Amino acid sequence: MSKIKSLADLKKIRDEKVSGLQSRERGEDAENLVQVKVAMATCGIASGAKETMEFIAEALEKRGVDAVVTQVGCMGYCYAEPTIEVKLPGSESVVFGGVNIEKADEIIEKYIKGGELVDGIIPVNYETID
Amino acid sequence: MSKYSMHLLVCGGTGCKSQESDIIAEKLKNELLKQGLEETVQVIMTGCFGFCEKGPILKVMPDNTFYTQVKPEDAEEIVEEHVIKGRRVERLLYTDPETEAHVEDSKHMGFYKKQLRIALRNCGVIDPEIIDEYIARDGYSALGEVLANQTPEETIELMKASGLRGRGGAGFPAGLKWDFARKNEADQKYVVCNADEGDPGAFMDRSILEGDPHSVLEAMAIVGRCIGADMGYIYIRAEYPLAIARLKTAIGQARKYGLLGKDILGSDFNFDVDLKYGAGAFVCGEETALIHSMEGERGEPSLKPPFPAESGYMGKPTNVNNVETLANVPVIILKGAEWFSSIGTDTSKGTKVFALAGKINNVGLIEVPMGTTLREVIFEIGGGIKDGKKFKAVQTGGPSGGCLTEKHLDMPISYENLVANGSMMGSGGMIVLDEDDCMVSIAKFYLEFTVEESCGKCAPCRIGNKRLLELLERICEGKGEESDLVRLRNLGEVIKDTSLCGLGQSSPNPVLSTMDNFYDEYLAHVVDKKCPSGVCTDLLEYFIVEENCIGCTACARACPVGCISGERKEPHLINPDTCIKCGACMEKCKFDAVILK
Ligand SMILES: Cc1cc2nc3c(=O)[nH]c(=O)nc-3n(C[C@H](O)[C@H](O)[C@H](O)COP(=O)(O)O)c2cc1C
Ligand code: SF4
Ligand code: SF4
Ligand code: SF4
Ligand code: FES
Ligand code: FES
């Protein structure tokens, strides 16, 4: 991590990140990966999001699914923690609520591997500015 | 990969389910089975879409069609037309009330999403511990823009024009505040971020700091540039360990990138940020108390003026802003004042984050444009009242706010409207109450909180609130008199008028507003000695339900004052006049015949 010395430098980092250049340099191809985001704010963690995230990361690796699992902040659905967002290559992302280890296992087996939706979907009910 | 080429998402939220959405799902499955499509099209029930008013909702993926007010008998047509022939069923599409045009897919359906995330734009989207993810979402570009292309005066004018007002409670225009701090000449100035968040039930600021810490750091640097400060502090309660950890990580990364420190982005601007910890006293959220606490003094408020912008931390001009206020700043700079001021009402611009709690189906964190009505928040985004109970009131503004009722449901949310109706914006707690909640007890709950949290510096708040609470306790115990209600109101007004700081000045609000809106309930407590919602246990009576009583006499034998009468094998009766409410009968009865009501 070296210092960013100008607005132009900052924009370069942004563009590299946005175009996926950074991840390609690390040998990842975001477009063809399964992307899982786990809401890891205080209330998510209190409901077991950490365990869910560890399980998902480990299970995907063991089961040979090319995926990136990341932590993110609050998605707003306290009533349905732990919450995760799954994006399969080429399709829209889907948010699932109440994802304990059992549910995570079902999501991996059915949705991530087979494209079959499972109970627990939370329709995203907000618009986010870019 | 997927064996399914299409998914039909049927809303299984409380609102839609009560309108037979599960039957719709069944019918769809049957139709698909009839057509031999059960292997290619999947029907699945989901949670609430936040559009309950137009429910039941059905969304088709991948083409994103959004059907509203679907009925079970529409299933056949949906399968035949949409699934098989690929033609949308026009009449079930949402009709835009203004253009009267059908809206085809949810890509063009910002409208149905009542929520707009500006302050929370990165929460749930980026990894808060990776600065590059923030930068990829235009993070630190606003700071870069301000440093490279704007004078501080221009930035301040932009903020003024945007109409952004403080989200920490009072709603003071942010640009104006910065202007004051800028104009006060001094050798040293400070930027302070108020992350004390003391309202019970509020966690808006925590979520922002946990999900998007860099947005607050970037905004603080922008404020520093505008007012001429090179140091910023975040005053955060020690009970927020995760937010603290993420902030520390963020500060470390920003320093490594040179986005905090000396000569930021090649300019001559220096700015750094550090944390100061609070012990979690509510009054320390008040800006003068907060500053004293930062200085290591007692966390007591002091009279304003002088305002922090004149004499704040270490006696130097200090600009205090709330976390959520700050989180809005970088976007406003990038998208412009006009964009921001196009959202919201005439006097309240942008959005507000609320923590929805209480007797509501979708408890959680929401962000809505100002001007959204309480009805939309509670009955659509919030999915309505739990267990199909009746809505009674919503408490906004926490212990400083008041309750709003049925008649306020269509009021657009704005700073002015809330105050005009006896409540306030506060920091954004929203607690929904239903028919089972006793309003006198609610007022008592908030007053217990303020009495506990009063710093004791001034008499009206220290002594007055204690007396107010004692009056409420008496009323809840059935020892109140009608004259107590007059006393409550008078004392409340005096405390509001004479307290030193905002805590005391607003602490009687929950009492006064529940009295304004639910005077009957107060009267029932003092005149009839009854608690209509059955919450105040002292006002409840033991009662034997005739249908359940088999006349075993167990209760009568247990009663220490012999006030239960009845023949063996006949229903028994309690004489309420002599009952001392010891509860022995209830404990003894094996048939759930003794109840409290
Ligand atoms: C009793 C009391 C408690 C307060 N608590 C907070 C708080 O927790 N967080 C906050 O941002 N402002 C709080 N405030 C408001 C602050 O005094 C101040 O107005 C605010 O931080 C200014 O920032 P803003 O203009 O961005 O809203 C409180 C005020 C009072 C009177
Ligand atoms: S109003 Fe209450 S909290 Fe504020 S200074 Fe007086 S005693 Fe302290
Ligand atoms: S509560 Fe006690 S005093 Fe009253 S009826 Fe029951 S046993 Fe008797
Ligand atoms: S103990 Fe219960 S069932 Fe027996 S007499 Fe009393 S109320 Fe009736
Ligand atoms: S942390 Fe649970 S909804 Fe935000
Ligand atoms: S319950 Fe279906 S939209 Fe809310």
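Chain naming here is simple, since letters A, B, ... match the order of the sequence lines and numbering starts at 1 in each. This one's a predicted model, so the numbers in the text were calculated from it and none came from an experiment.
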**Q** As an exercise, state the distance from CG of B:Leu120 to CE of A:Met75, rounded to the nearest 0.5 Å.
**A** 12.5 Å
**Q** When only pairs under 4.5 Å are counted, which of B:Gly13, B:Gly211, B:Ser267, B:Gly47 shares the most heavy-atom pairs with chain A?
**A** B:Gly47
**Q** Main chain of A:Glu116, side chain of B:Gln42: is a donor-acceptor contact present, judged purely on distance under 3.5 Å?
**A** no
**Q** Tell me which of these, B:Asn122, B:Ile135, B:Leu334, has more heavy-atom pairs under 4.5 Å with chain A than the rest.
**A** B:Ile135
**Q** Taking atom NZ of B:Lys335 as the centre, does the number of heavy atoms from other residues, nucleotides or ligands within less than 6.0 Å exceed 12?
**A** yes
**Q** Verify side-chain contact (heavy atoms from CB on, under 4.5 Å) between B:Lys114 and A:Asn125, making sure each step is shown before the conclusion.
**A** CA-CA 7 Å; B:Lys114 303 265 170 191; A:Asn125 64 351; over 6 Å; no
**Q** Closest heavy-atom contact between A:Gly115 and B:Tyr4?
**A** O-CD1, 4.2 Å
**Q** With rounding to the nearest 0.5 angstrom, report the CD to CG distance, A:Gln71 to B:Asp127.
**A** 4.5 Å
**Q** Determine whether more than 12 heavy atoms belonging to other residues, nucleotides or ligands lie under 6.0 Å from atom CD of A:Glu58.
**A** no
**Q** Shorter than 4.5 Å, heavy atoms on both sides: which option in B:Ile130, B:Leu9, B:Asp132 has the most such pairs with chain A?
**A** B:Asp132
**Q** Select one option (side chain, backbone, both, neither) describing which atoms of B:Leu259 are under 4.5 Å from chain A's heavy atoms.
**A** side chain
**Q** With a 4.5 angstrom heavy-atom cut-off, could you sort out which part of B:Leu242 is near chain A: side chain, backbone, both or neither?
**A** side chain
**Q** For a 4.5 angstrom cut-off between non-hydrogen side-chain atoms, does A:Arg14 reach B:Asp138?
**A** yes
**Q** So which part of B:Arg255 gets closer than 4.5 Å to some heavy atom of chain A, the side chain, the backbone, both or neither?
**A** backbone
**Q** Let me know if B:Ile360 has heavy atoms under 4.5 Å from chain A in its side chain, its backbone, both or neither.
**A** neither
**Q** Could you tell me which of A:Asp130, A:Asp119, A:Ile45, A:Leu117 has the largest number of non-hydrogen atom pairs under 4.5 Å with chain B?
**A** A:Leu117
**Q** Say you draw a straight line from CD1 of B:Ile366 to OH of A:Tyr126; how long is it, rounded to the nearest 0.5 Å?
**A** 12.5 Å
**Q** If you define the side chain from C-beta out and look only at heavy atoms, does anything of B:Arg137 sit under 4.5 Å from A:Thr128?
**A** yes
**Q** If you count heavy-atom pairs under 4.5 Å with chain B, which of A:Ile122, A:Asp9, A:Ile13 comes out on top?
**A** A:Ile13
**Q** What distance separates B:Phe203 CZ from A:Cys78 SG, expressed to the nearest 0.5 Å?
**A** 3.5 Å
**Q** Where does B:Val368 contact chain A at under 4.5 Å (heavy atoms): side chain, backbone, both or neither?
**A** neither
**Q** How close do B:Ser141 and A:Leu7 get, heavy atom to heavy atom, and via which atoms?
**A** O-CD1, 4.1 Å
**Q** With a 4.5 Å limit on heavy-atom distance, are the side chains of B:Phe51 and A:Pro123 in contact?
**A** no
**Q** Is atom NZ of A:Lys5 surrounded by more than 12 heavy atoms (other residues, nucleotides or ligands) closer than 6.0 Å?
**A** no
**Q** Between A:Val72, A:Val95, A:Val118, A:Thr70, which shows the greatest number of heavy-atom pairs under 4.5 Å with chain B?
**A** A:Val72
**Q** What part of A:Lys37 is in contact with chain B, defined as an atom under 4.5 angstrom from a non-hydrogen atom: side chain, backbone, both or neither?
**A** side chain
**Q** Counting only non-hydrogen atoms closer than 4.5 Å, does A:Ser91 touch chain B with its backbone (N, CA, C, O), its side chain (CB onward), both, or neither?
**A** neither
**Q** Walk me through it: do B:Arg206 and A:Cys43 pass the test side-chain contact (heavy atoms from CB on, under 4.5 Å)?
**A** CA-CA 10 Å; B:Arg206 186 188 75 199; A:Cys43 105; 4.2 Å; yes
**Q** For residues B:Tyr257 and A:Ser2, report the shortest heavy-atom separation together with the two atoms involved.
**A** CD2-O, 3.2 Å
**Q** Is it the case that more than 12 heavy atoms not belonging to B:Lys17 sit under 6.0 Å from its NZ atom?
**A** no
**Q** Output the option from B:Glu133, B:Met61, B:Met45 having the highest count of non-hydrogen pairs under 4.5 Å with chain A.
**A** B:Glu133
**Q** Just how far is it from atom CG of A:Leu10 to atom CD of B:Glu145, taken to the nearest 0.5 Å?
**A** 11.0 Å
**Q** Can you name the side chain to side chain donor-acceptor pair (under 3.5 Å) partners of A:Thr52, sequence neighbours left out?
**A** none
**Q** Looking at B:Glu239, I want to see if its CD is surrounded by more than 12 non-hydrogen atoms of other residues, nucleotides or ligands under 6.0 Å.
**A** yes
**Q** Tell me, out of B:Ala243, B:Cys48, B:Gly139, who's got the most heavy-atom pairs with chain A below 4.5 Å.
**A** B:Cys48
**Q** In Å and rounded to the nearest 0.5 Å, what is the CD1 to CD1 distance from A:Ile129 to B:Ile343?
**A** 7.5 Å
